[in-house]
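These numbers come from the heavy atoms of this one structure, side chains and all, not from hydrogens, waters or symmetry mates. Chain naming here is simple, since letters A, B, ... match the order of the sequence lines and numbering starts at 1 in each.
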Amino acid sequence: MKWLLFAFKNVLRNRRRSLITIIITAIGSSAILIGGGFALFTYDGLKQGATRASGHLVVAHNEYFSGEEDSAMQYGLSNWKDIKQRMEQNEHVKWVIPRIQLSGLISNGEKTAIYMAEGVDPEGESRAREFLIHKGEWLSSISAENEDAQILLGKDLAKSMKADIGSSLTLLSTTADGALNGIDVKVRGIFSTGVPEMDKRLLYVDIPTAQALLDSEKISTLHAYLNDTDDTEIVSDKFHAQFPNNTLKNWEELAFYYVGVVNLYNRLFGVLGLIIVIIVFFSVTNTMSMVVRERTREIGTLAAMGTLPREILRNFVLEALVIGIIGSVLGMAIAGGFIVFLENAGIMMPPPPGRNVGYPLLVYFSGQLFVLTTIVLIGISVLSALLAARKGIRQPIVDALAHV
Amino acid sequence: MDTLVSLRNISKTYHLGKTTVPALQHVSLDVGASELVALSGPSGSGKSTLLNTCGLIDTPDEGEYTLGGESMLSRTSKELTMVRRNKIGFVFQSFNLVPVMTAYENIEYPLLLTGLHDAERKKRVDEIMNQVGLEQYQQQLPDQLSGGQRQRVAMARALVKQPMLVIADEPTANLDTQTATHIIDLMKDLSRRYGTTFLIATHDQRMTERCDQKIILVDGKINTHDMNMTRDNALDKGGNG
Ligand SMILES: Nc1ncnc2c1ncn2[C@@H]1O[C@H](COP(=O)(O)OP(=O)(O)OP(=O)(O)O)[C@@H](O)[C@H]1O
Ligand SMILES: [Mg+2]
């Protein structure tokens, strides 16, 4: 305690220099914390988006992801109702939702365009995903017997078809047997995905309609939504054992964008963090070298009085520790203040490429990141002090005492 | 009287490029316990080198050195540090106090090293501060003290652990005449009180006069060797071999 107090007084000896070192450490620390917190915020957002889109686990026909179908639904799941039921029995599973992927031509009688459609369970999907509906309503589960099937159109596709709510259109596709099939549909709603390319092609139909169009009982994929993303692995292991003849993918394998961004940011912020750590290291080393040089005679005096080299070293290390701790704590305060500020400021980020919806800018607070950053920066300070002071204590006492 | 410091045939040569400087040449010397020894001689005669050798912060090239009957050569630097910590005090020409420590803390420092427990430490520091007349200045920092006061702090720091030997290299050189006289008297007083041996390098005539033994170095050799016989029990134990 006494030594720490002396270290503190020594830090105050050259206030300006100590202050600069502390500020550099604080800026470095807050930059790492804010950068890291932003990365975590981004990862979390993308992760939520990814798991919401695909669910946590997807079960499909063995060839579904790898093979090329010769005909529609060749690699669909025929026994899907049974699989779905068994999946739903798992305690970690919240919902299991079937989907059908299909494509074909859409026509308003005068004009034809290519569409990509997803056959969905309207009720299940509305629980799992959020759809940005511009006009009209989401599909309804109970489609009346005598009425036309309903679809939800991407907003650019609707524009291209000159369609509005209630408009009648025709969907064309090839059936599982290779025959051409058509079905009349009514527009129930118009949506936007946020991705213009998708809005130009995508539409949603309910599963019975899709199956009727394809003339097949199958579905493409089953999507399991879990209560907790952290359980993905446990459930995955279970499903692997339960469904050895099917292919199983977890959300991360399907979230190419998420994985790409995580890799990029990890590298980006990793390099940034390394640069900051190096700057702090040189800054503290520089300060401590000056301190040691200035106190050469003091070192000689203490050594003459019978202070062991490691005891002298300890004093310098404590000094660097004081600088490191004050700097880190200040950095944490800056980062913490910034995080709170962002939470209240409601700053919107511009839409990312390919999207037309922005999102609020936030920086996550991660206790782990704070602790790790602080440990690293304080460790770096101590290391700098050790390296700087080692030179000082190595010289002969007589020379140190003669130093002016 | 017991011999505390015994030097035999001590030599030390410095090499400056191609020229060699013999700082000490076959110096032999005995100093008794609680003696006050003045070391004088022209600049460059080897006074500091001799003191540094006796204070175990410099090592001679050859010779024998025993302190309190124990040989001091061929010891590890850690062992030497421990001998200095427990048995040797230093007083420097420019005081060399630690600027961030108060007068009290500077004096306390050697006792923190020896690991004396709190109550005893405080007692000793208070006592020595009274001895040197600094009881009013406990909480002052060195730069709030005059030169004479600083040197008194330094003396208290050297003596607080009650060492066998105090090394003082020109302790009064940075002080005015009057203050220097006070310091000299104080040294003599403390030497008596604590039975401490003082080795003092000095140019100051009054200092030399007040010492028990007077050694003059010229070109690294002991030239004249004088006993002032100011003390009843002082016997001629010194000699240049
Ligand atoms: N580190 C060193 N390197 C080279 N030569 C040295 C060194 N230290 C001392 N000397 C030389 O050794 C000789 C004795 O030096 P020393 O410092 O012991 O003399 P001194 O009597 O204390 O002198 P002063 O009265 O000036 O303090 C001198 O000639 C000096 O130049
Ligand atoms: Mg000298």
Side-chain angles (χ1 to χ4, degrees), chain A residues 1-18 287-288 290-323 385 389-390 392-404, chain B residues 12 14 23 48-59 76-102 104-115 118 121 141-143 154 157-161 163 166-169:
Chain A
M1 201 54 224
K2 217 169 194 114
W3 303 124
L4 200 62
L5 189 69
F6 289 136
F8 191 74
K9 287 183 180 173
N10 270 323
V11 168
L12 295 179
R13 221 154 134 177
N14 189 330
R15 274 160 216 239
R16 212 170 65 96
R17 187 173 59 203
S18 299
T287 300
M288 290 315 291
M290 282 199 267
V291 164
V292 170
R293 215 175 312 126
E294 281 167 10
R295 280 188 228 152
T296 303
R297 205 145 58 93
E298 191 175 311
I299 293 172
T301 307
L302 298 182
M305 287 196 288
T307 316
L308 289 168
R310 67 175 153 80
E311 292 167 325
I312 295 173
L313 212 57
R314 173 200 56 201
N315 294 346
F316 287 111
V317 166
L318 283 175
E319 216 169 310
L321 205 63
V322 169
I323 289 177
R390 232 176 27 161
I393 59 170
R394 268 192 191 150
Q395 64 180 314
I397 298 173
V398 177
D399 294 352
L401 283 170
H403 191 92
V404 277
Chain B
K12 172 101 189 174
Y14 288 107
S48 295
T49 308
L50 186 59
L51 287 192
N52 291 341
T53 305
C54 293
L56 298 174
I57 56 176
D58 204 355
T59 44
T76 65
S77 79
K78 187 176 176 181
E79 286 169 339
L80 293 175
T81 303
M82 286 311 178
V83 174
R84 289 200 305 275
R85 172 180 292 197
N86 296 311
K87 298 182 176 169
I88 303 176
F90 285 87
V91 179
F92 303 94
Q93 177 177 340
S94 38
F95 326 129
N96 290 14
L97 300 177
V98 180
V100 294
M101 294 184 183
T102 61
Y104 184 95
E105 287 165 341
N106 264 289
I107 296 167
E108 187 188 26
Y109 182 85
L111 298 184
L112 290 175
L113 292 180
T114 56
D118 292 2
R121 206 166 64 219
L141 289 170
D143 60 13
R157 180 176 67 176
L159 283 155
V160 71
K161 63 188 174 192
V166 169
I167 303 288
D169 197 344

Q | Donor on one side chain, acceptor on other, Thr307(A) and Arg85(B), under 3.5 Å | A | no

Q) How many angstroms lie between CG in Asn96(B) and CD in Glu298(A), if you round to the nearest 0.5 Å? A) 9.0 Å

Q: With the side chain counted from C-beta on, respond yes when Ser94(B) and Arg297(A) share a heavy-atom pair under 4.5 Å apart, and no when they do not.
A: yes

(Q) Using modelled atom types and a 3.5 Å cut-off, is there a donor and acceptor pairing between side-chain atoms of Arg84(B) and backbone atoms of Met305(A)? (A) no

Q. Checking heavy atoms, do the side chain of Glu108(B), its backbone, both or neither come under 4.5 Å from chain A?
A. side chain

Q) Measuring from Leu97(B):CG to Thr301(A):OG1, what's the distance to the nearest 0.5 Å? A) 9.0 Å

Q) Looking at Ala304(A) and Phe90(B), what are the two nearest heavy atoms and their distance? A) O-CE1, 3.2 Å

Q. Measuring heavy-atom distances to chain A, does Leu113(B) have an atom under 4.5 Å in its side chain, in its backbone, in both, or in neither?
A. side chain

Q. Which atom pair, heavy atoms only, marks the closest approach of Val100(B) to Phe6(A)?
A. CG2-O, 4.4 Å

Q.
Quick check for you: to the nearest 0.5 Å, what is the distance between Leu401(A) atom CG and Asn52(B) atom CG?
A. 7.5 Å

Q | From Asn10(A) atom CG to Met101(B) atom CE, the distance as rounded to the nearest 0.5 Å | A | 8.0 Å

Q: With the side chain counted from C-beta on, respond yes when Ile397(A) and Asp58(B) share a heavy-atom pair under 4.5 Å apart, and no when they do not.
A: no

Q: Pick whichever of Arg157(B), Lys78(B), Lys161(B) has the most heavy-atom pairs under 4.5 Å with chain A.
A: Arg157(B)

Q) Given a strict heavy-atom distance threshold of 4.5 Å, which part of Ile167(B) is in contact with chain A: side chain, backbone, both, or neither? A) neither

